[in-house]
Amino acid sequence: MNRPFGMLAELTYKCPLHCPYCSNPLNLSDYHEELTTAEWQRVLIEARELGVLQLHLSGGEPLQRRDLVELVGDARDLGLYTNLITSAIGLSPRLAQELKDAGLDHVQISIQADEPALSDRIAGTRSYERKIAAYRLVKELGWPLTMNVVLHRHNLDRIGRILDLAEELEADRIELANTQYYGWAWRNRAALLPSRAQLDRAEEIVRAARRRLEGKMEIIYVIPDYYSKYPKPCMGGWGRQQLTVTPNGDVLPCPAAHTLNLPRATVREHSLAWIWEESPLFRRFRGTEWMPEPCRSCNRREVDFGGCRCQAFQLTGDAARTDPVCYLSPDHGIVEEAVQAANEGAESGEEDLVPRTYTARQT
Ligand SMILES: C[S@@+](CC[C@H](N)C(=O)[O-])C[C@H]1O[C@@H](n2cnc3c(N)ncnc32)[C@H](O)[C@@H]1O
Ligand code: SF4
Ligand code: SF4
């Protein structure tokens, strides 16, 4: 059996920002009972024993956890490579130095746009200036810097200026991630989905920037799912390379898998090894046996694993169907309809975006 290589530790869903594209669950209030420091420490030890080498510390906003420095130190002592995924709100010079001293290896800071007013509007909080200060701080402390920008119809046309900002801040890497439609992004899909024309223009700019910045800044462009011919190889296959631990200790094959009607698996009841190897949740879509046609007889079944189970469930109500993003899926029309609406301008605008709120009730 494959061993997990990376673990996403969602330390808390608390967050001072309100991004309408946030992939976190809608029912955030169900996650108040966060794991304690001692519970996370046990999870880290078990993760290392299971083979995990890379630890991604995220959330919510991981800087909201008071024990972050301690957990980074524990992870370093276990030999884990640590990556902090953050909005940077709360990253004071003192905390940054403490994280550096504790052995944090890498920092990825997200920003909503290159332009202060738009960035603050999307984030739902004045945050742009603090993010810029945090980028500078990360460089001063000698960390490699990754800038992350989630792309959608309200910032995609600014991609050239976003790249300029990354260059000006001397980012080593920029991750331009087209929105994945989970959680709040799913709820706001109609107002976020870009048009084909916007994407074509953006891709041209990315191509030119790659040529210009080769050897200077790495540009990752995460292709937009809905406009692709084939689906993404979600998490490199179900229960194959990655696992996620949510703030309350649920363990998931992918961060969106809480949406599926599958039995829960939690570190409060079982070891990580049992969950990975034995739990019905992790076994359900592992390998290729579960696949329906057209995946079952497709030569890409070990390439994209039939796409994303959560997306299949979201769009068809059945997690065991081929991801409708695939042009071979019998349900592909569902994706085509959403794309057509985006191209005809039928979708709503920025003012219709529902901000992510921690205490939100599910509707
Ligand atoms: C959920 S956030 C948590 C960390 C931190 N609060 C932040 O936003 O940087 C984790 C990462 O996913 C990105 N992200 C959030 N929602 C996304 C979505 N719907 N599609 C793609 N990336 C998303 C964020 O920009 C961030 O880099
Ligand atoms: S609201 Fe924004 S900053 Fe907060 S967790 Fe979601 S993506 Fe990150
Ligand atoms: S049919 Fe299934 S395996 Fe083949 S490309 Fe589509 S999603 Fe991938």
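All residue numbers in this chain count up from 1 along the given sequence. Atoms within each ligand, like the ligands themselves, are counted from 1 in listed order.
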- Ligand-side contact atoms (ligand 3) for residue partner R300, heavy atom cut-off under 4.0 Å: 3 (S), 5 (S)
- Task: Tell me, with the steps shown, if Q311 and D225 meet side chain to side chain donor-acceptor pair (under 3.5 Å).
- Result: CA-CA 10 Å; Q311 189 148 270; D225 218 7; 2.8 Å; yes
- Side chains of D157 and Q198: is there a donor and an acceptor less than 3.5 Å apart? yes
- Message: One thing to verify: whether D304 and K232 come together as a salt bridge, which I'm taking to mean a side-chain N less than 4.0 angstrom from a carboxylate O.
- Response: no
- Query: atom 2 (Fe) of ligand 2: which protein N, O or S atoms are under 2.8 Å away?
  - Reply: C19 SG
- Which atoms of ligand 3 sit under 4.0 Å from any heavy atom of D304? 3 (S), 5 (S), 7 (S), 8 (Fe)
- Charged N to carboxylate O below 4.0 Å: is that the case for E277 and R3? yes
- Could you tell me which atoms of ligand 3, counted from 1 in the order shown, lie closer than 4.0 angstrom to a heavy atom of Y230? 5 (S)
- Given E10, which of N248, V245, N24 fulfils the side chain to side chain contact (heavy atoms under 4.5 Å, CB included) condition? N24
- Message: Under 6.0 Å from the ring centre and within 45 degrees of the ring axis: does the NZ or CZ of R189 meet both conditions for the six-membered ring of W184?
- Response: no
- Charged N to carboxylate O below 4.0 Å: is that the case for K139 and D172? yes
- Would you mind checking which non-hydrogen protein atom is closest to atom 2 (Fe) of ligand 3, with the distance to 0.1 Å? C295 SG, 2.4 Å
- Query: Taking atom types as modelled, is there a side-chain donor on E344 or Q340 under 3.5 Å from an acceptor on the other?
  - Reply: yes
- Is E115 salt-bridged to R158, going by a charged N under 4.0 Å from an acidic O? no
- Item | Under 4.0 Å to a heavy atom of P231 - the qualifying atoms of ligand 3, by number | 7 (S)
- Item | Hphob cluster co-occupancy, V69 + Y81, side-chain heavy atoms under 4.5 angstrom | no
- Task: Could you tell me how the ring of Y230 sits relative to the ring of Y327: parallel (under 30°), tilted (30 to 60°) or perpendicular (over 60°)?
- Result: perpendicular
- Could you see which bit of S329 sits under 4.0 Å from ligand 3, with heavy atoms only: side chain, backbone, both or neither? neither
- Are D323 and ligand 3 in contact, using a heavy-atom cut-off of under 4.0 Å? no
- Query: Near ligand 1, which residues have a heavy atom under 4.0 Å away from one of its atoms?
  - Reply: Y21, C22, S23, N24, S58, G59, G60, E61, I85, T86, S87, Q108, S110, N148, V150, T179, Q180, A185
- Item | side chain to side chain contact (heavy atoms under 4.5 Å, CB included) between V267 and E39, worked out | CA-CA 8 Å; V267 295; E39 284 175 313; 5.8 Å; no
- Query: For ligand 3, which atoms sit closer than 4.0 Å to a heavy atom of R301?
  - Reply: 3 (S)
- Task: Please work out which of the three classes, parallel, tilted or perpendicular, describes the rings of H154 and H152, given edges at 30° and 60°.
- Result: tilted
- Note on the structure: One finds that the ligand 2 atoms under 4.0 Å from a non-hydrogen atom of G60 are 5 (S)
- Taking non-hydrogen atoms only, is C298 closer than 4.0 angstrom to ligand 3 via side chain, backbone, both or neither? side chain
- Which of these, E218, H106, E175, sits in a side chain to side chain donor-acceptor pair (under 3.5 Å) with T146? H106
- Task: Could you verify whether a donor N or O on one side chain and an acceptor N or O on the other, from T37 and E70, lie under 3.5 Å apart?
- Result: no
- Message: Under a 4.0 angstrom heavy-atom cut-off, which atoms of ligand 3 come close to C326?
- Response: 1 (S), 5 (S), 6 (Fe), 7 (S)
